[in-house]
Amino acid sequence: MNKLYIEGSKKLQGTVVISGSKNAALPILFMTILIPETIKISNIPELTDVSIAIKLLKHLGAKIIQKKKTLWINTKSINIFCPPYYLMKKIRASIWILAPLLVRFRKAKIFFPGGCKIGSRPINLHLKNLSKLGVKIILRNNCIMASVDNFLKGTSIFMEKVSVGATITMISAAVLAKGLTIIENAAQEPEIVDLSEFLNKLGANIKGAGSNKIFIIGVSRLFGGSHKIIPDRIETGTFLIAAAISQGYILCKKTEPKHLKKVLTKLIQSGAQIKTGKNWIQLDMRNKIPKSVNISTSPYPGFPTDMQPQFTLLNSIAQGKSTIQENIFENRFLYVDQLIKMGAKIKIKKKSIICTGVRKLYSNNISSSDLRGSATLVLAGCIAIGKTELSNVYHLNRGYESFSRKLNKLGANIQNT
Ligand code: UD1
């Protein structure tokens with residue numbers, strides 16, 4: 001699937017069932033390398049990024065059985081510590097294979113990871129902090145070679161910058177290290193909490209996940225067990241936007257409202273009526289055009305950068321002028337030119353996206369450049385006047401399970417080539 005044809009002027013409304021979280025599933029999949037016993041993981045989203053992670057594990061020698069959204073993974077027979085370039089370059093999350101391989105084999109050789117074009121995305125914090133646990137790192141020919149003499153040693157780490165990825169790397173390196181590791185200025189995302197709960201179920205001793213200070217007492221081994229992946233908060237937010245921009249209503253089922261507090265606050269400010277229950281969120285625009293909202297992205301519990309493009313779309317058809325400041329990734333604006341091609345009035349000034357709401361967007365031939373930008377452009381096509389042709393849509397399947405099918409059930413008309 002490389003192109004989508006999207007009929008516009010649609011109201012998107014109805015019920016959608018939210019899938020498991022991509023960003024929680026990916027690190028958890030790689031953590032299975034730490035445990036040479038069978039682990040059952042359920043609510044796995046069916047996504048290309050996830051299938052690449054599974055391919056990586058299989059390439060190393062893991063035995064994996066998949067039944068629908070449940071995986072049984074046994075990494076006992078892993079005997080390779082150098083995953084291949086063609087898989088590593090496909091996903092950013094492949095960096096999380098480094099620490100588990102290192103812990104298991106005392107050495108690992110990986111290629112630099114790939115991922116969305118949303119900024120420079122360095123991995124210096126992963127590497128620098130691993131070396132504080134006693135890891136020797138050599139960088140050569142696009143490769144990271146890491147080794148440890150005897151065992152990883154617990155230590156205190158202060159993260160220079162709040163990083164989801166580096167916090168995950170440090171947790172995975174510390175669970176089986178000797179002694180206590182303290183991570184200060186840690187990322188607090190729900191995906192970090194899910195990872196820690198997963199590892200604790202298998203015998204790890206991690207406390208404080210979800211706060212900015214995480215304590216990990218190294219244990220001698222981990223055991224097999226099972227875990228259910230949390231719902232995808234970004235998928236949830238994207239579907240809430242779908243209803244908000246088309247003046248519709250939506251019921252998102254099997255989600256976690258607590259993970260979307262900042263997103264829901266902004267939707268309420270934009271005029272949406274929101275109701276929540278234990279595992280559902282309902283949004284009703286009551287046929288009203290949204291009001292524009294000002295946003296500044298920041299690490300959790302702040303407003304998520306992964307919802308920035310979708311809110312830019314909302315602002316581009318909302319009443320009034322607005323500013324969204326992107327503080328996490330320096331180049332997360334590539335989709336903006338495509339919205340401008342559709343009639344949006346948007347200006348980028350340094351790291352701010354300044355929108356003046358227009359009454360309508362118009363179809364065009366557009367192209368997507370990254371995951372969240374792609375989803376945003378699909379939604380733009382659903383409300384634009386005319387038929388939009390969107391190319392490069394492979395990004396979508398990386399992070400949204402059955403996105404077109406779910407939207408079509410809500411009233412969209414999206415066809416593949
Ligand atoms: C993860 C998510 C991504 C989300 C992002 C921020 C996954 C697979 N991806 O990405 O969807 O947008 O969190 O919520 O879960 N940084 C450094 N050095 C490092 C690492 C990061 O300078 O070694 C910087 C980054 O350039 C960025 C900031 O820290 O400016 C945050 O990045 P980080 O939280 O690490 O994002 P990812 O883990 O890559």
Side-chain angles (χ1 to χ4, degrees), residues 20-31 45 47-50 52-53 56 88 90-99 110 112-132 137 139 144 157-173 183 185-195 212 229-230 232-238 259-260 262-263 295-311 325-335 351 370-376 395-396 398-400:
S21 160
K22 166 178 92 73
N23 289 353
L26 290 170
I28 284 176
L29 285 175
F30 292 125
M31 291 317 128
L47 305 167
T48 352
D49 274 17
V50 168
I52 291 163
L56 270 165
M88 287 298 291
K90 285 192 175 151
I91 52 172
R92 166 79 180 174
S94 58
I95 182 66
W96 292 322
I97 212 164
L98 175 64
I110 69 161
F112 277 84
C116 274
K117 292 189 193 98
I118 53 178
S120 62
R121 308 194 82 179
I123 52 166
N124 59 320
L125 297 176
H126 299 244
L127 303 183
K128 181 176 161 182
N129 290 312
L130 274 178
S131 63
K132 288 190 185 152
I137 292 175
L139 304 182
I144 303 161
I157 292 155
F158 184 88
M159 291 280 179
E160 283 162 35
K161 201 169 181 179
V162 180
S163 158
V164 177
T167 302
I168 288 173
T169 288
M170 294 326 293
I171 292 175
S172 57
I183 309 173
N185 204 25
Q188 304 173 47
E189 268 70 359
E191 294 76 22
I192 304 264
V193 178
D194 201 37
L195 172 72
N212 63 0
I229 301 290
I230 54 169
D232 197 308
R233 62 195 166 101
I234 306 302
E235 186 197 16
T236 308
T238 306
H259 295 167
L260 283 123
K262 286 282 171 6
V263 169
I295 286 169
S296 184
T297 64
S298 57
Y300 195 86
F303 187 92
T305 171
D306 282 358
M307 285 300 300
Q308 175 256 98
Q310 302 88 318
F311 269 85
Q325 192 165 312
E326 172 55 56
N327 298 309
I328 311 288
F329 294 113
E330 72 280 7
N331 192 22
R332 199 167 204 168
F333 309 121
L334 290 177
Y335 67 95
K351 52 185 184 174
D370 66 280
L371 170 57
R372 307 301 169 190
S374 299
T376 298
H395 293 289
L396 257 190
R398 290 191 33 230
Y400 288 90

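Just so you know, ligand 1 is whichever comes first in the structure, and atom 1 is the first atom listed for that ligand. Because the structure is a prediction, the values reported are computed rather than measured.
- Between the side chains of N129 and T169, no donor N or O sits under 3.5 Å from an acceptor N or O.
- Residue I328 has at least one nitrogen or oxygen atom sitting less than 3.5 Å from a nitrogen or oxygen atom of ligand 1, judged on distance alone.
- Using a 4.5 Å heavy-atom cutoff, the side chains of P190 and I230 are in contact.
- For ligand 1, the atoms closer than 4.0 angstrom to any heavy atom of G165 are 35 (O), 38 (O).
- Atom numbering of ligand 1 starts at 1 in the shown order; those under 4.0 Å from a heavy atom of V162 are 31 (C).
- With distances taken over non-hydrogen atoms, the option nearest atom 3 (C) of ligand 1 out of D306, I123, N129, L371 is D306.
- For ligand 1, the polar-atom distance check finds no N/O of T305 at less than 3.5 Å from any of the ligand's N/O atoms.
- For the pair K22 and ligand 1, the shortest N or O to N or O distance does not fall below 3.5 Å.
- Nearest heavy atoms, G399 versus L47: C-CD2, 3.4 Å.
- Listed by number with element, the atoms of ligand 1 under 4.0 Å from a non-hydrogen atom of H126 are 23 (O).
- The part of F329 lying near ligand 1 is the side chain, judged by heavy-atom distances below 4.0 Å.
- In this view, E191 and R233 satisfy the salt bridge (Lys or Arg N to Asp or Glu O under 4.0 Å) rule, not counting sequence neighbours.
- A donor-acceptor contact shorter than 3.5 Å links the side chain of T167 to the backbone of A187.
- Interatomic distance, CD1 of I137 versus CG of L98, reported as 6.5 Å (0.5 Å rounding).
- Checked against a 3.5 angstrom limit, the closest N/O atoms of A93 and ligand 1 fall outside it.
- Between P122 and ligand 1, an N or O atom pair is found at a separation short of 3.5 Å.
- The ligand atoms of ligand 1 that sit less than 4.0 angstrom from a heavy atom of W96 are 7 (C), 8 (C), 15 (O).
- Backbone and side-chain nitrogen or oxygen atoms of L125 are examined, and one is located within less than 3.5 angstrom of a nitrogen or oxygen of ligand 1.
- Using a 3.5 Å distance cut-off with no hydrogens or angles, the side chains of S374 and H395 do not pair a donor with an acceptor.
- Shown here are the salt bridge (Lys or Arg N to Asp or Glu O under 4.0 Å) partners of E326, two or more places apart in sequence or in another chain: there are none.
- Under the 3.5 Å distance criterion, the side-chain polar atoms of S94 are matched with a main-chain donor or acceptor of M88.
- Between R121 and ligand 1, an N or O atom pair is found at a separation short of 3.5 Å.
- Atoms of ligand 1 lying under 4.0 Å from any heavy atom of R332, numbered from 1 in the order shown and given with element: 12 (O).
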